[in-house]
Amino acid sequence: MRIGVLTGGGDCPGLNAVIRAVVRKGISTYGHEFVGFRDGWRGPLEGITRELGIAQVRGILPRGGTILGSSRTNPFKIDGGVERIKSNLADLGVDALVAIGGEDTLGVAAKLTDLGVNVVGVPKTIDNDLGATDYTFGFDTAVNIAMEAIDRLHTTAESHHRTLVVEVMGRHAGWIALHAGLAGGANVILLPERQFDVDQVAGYVEKRFQTQYSPIVVVAEGAQPLDGQMVLHNQELDSFGHVRLGGIGQWLAEQLEAKTGKEARTVVLGHIQRGGTPTAFDRVLATRFGLHAIDAVHEGDFGKMVALQSTDIVRVPLADATRELKTVPVERYTEAEVFFGS
Ligand code: F6P
């Protein structure tokens, strides 16, 4: 078989580990050939490829980003997009695709499957918000980066008797905020799943100052104040209809400073959470996903996504994974609340 590989959506540590595993096993165990598509769905749409053999995947296991490039291209938003993909795949002699991505990239993969394109999906995203899999790779690395930042911010918060607000990514799911906040000992954690009362947050902050320690507030970029509008930098939508989030941290720090009379500063971790080398957990998960994805392709089991369930890698229908976002359940948030303000 000749198999195309692409990576779409926001980059994430571990993408290269998947590519390496797919190509290494695909060539050495099954004798397949590979072609790399550039920049997510833009590659098959415009027929932009790069060579992808054993030599090209040497040394990439620890490298962040993706050697194939990425984009948020949505072929269903482009006139004749699906027909162009089908004709480019036919011209290039590509029998099947491995699509590595999150809800948007795999949503396209699910729809293309229904239109007769042979696709196997691999779940990636630092947000950990895909259904049908316990974890996506990239999440563990993002959490560890955010945790280390929180550890460092504790010491400067104490030295200057300040509130430090740490804004983390995650879009409409609070997984990064919850895990990084718990691991880093945050005094308040605010998630998109539950609107917050800014007066209650100010109360937690004051209580923490009374213990002679300084508060760290972890806020997810998608968190919202009660009955408030989401605080956005701009209203532009990408081709999947997502707004760019961000700005809640700055807004919250201003509110907390005004309400408590204590200096409050904001740190926005942003794309640092997606950069650099993957953790061991993410390297292993990404590698196992890649090995199982090429097995699925070899067996002609298309329209599936590889997923982690407990410690096993299983195959689930692509449609199951993309049907709805996996958000933080209320009982997980309740666990964390024990530490708020103390
Ligand atoms: O989905 C991953 C993610 O990093 C989200 O957490 C964040 O909201 C979004 O991507 C940012 O996207 P971009 O890098 O395109 O601004």
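Every value quoted in this text rests on a predicted model; they were computed, and no experiment measured them. Just so you know, ligand 1 is whichever comes first in the structure, and atom 1 is the first atom listed for that ligand.
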Which donor-acceptor pairs under 3.5 Å do the side chains of residues 256-268 make with protein atoms, sequence neighbours left out?
residue, atom, partner, partner atom, Å
E257, OE1, A264, N, 2.8
K259, NZ, D199, OD1, 3.1
T260, OG1, L256, O, 2.7
T260, OG1, K262, N, 3.2
E263, OE1, R162, NE, 3.0
E263, OE2, R162, NE, 3.4
E263, OE2, R265, NH1, 2.7
T266, OG1, G249, O, 3.3
T266, OG1, Q250, OE1, 3.4

Between H172 and H242, what is the ring plane arrangement, given parallel below 30°, perpendicular above 60°, and tilted in between? tilted
Aromatic ring proximity Y135/F289, centre distance under 6.0 Å: no
Write out the protein residues near ligand 1, meaning a non-hydrogen atom under 4.0 Å from one of its atoms, in order of chain and number. R72, I126, D127, M169, G170, R171, E221, H271, R274
If we only count heavy atoms from C-beta on, is the F76 to V108 side-chain gap below 4.5 Å? yes
Please report the C-alpha distance between R274 and D11 in whole Å, then the side-chain angles of each, then the deciding distance to 0.1 Å, and finally whether the salt bridge (Lys or Arg N to Asp or Glu O under 4.0 Å) criterion is met. CA-CA 7 Å; R274 291 202 329 227; D11 71 325; 2.9 Å; yes
Parallel, tilted or perpendicular: which fits the ring planes of W175 and H179, with parallel below 30° and perpendicular above 60°? perpendicular
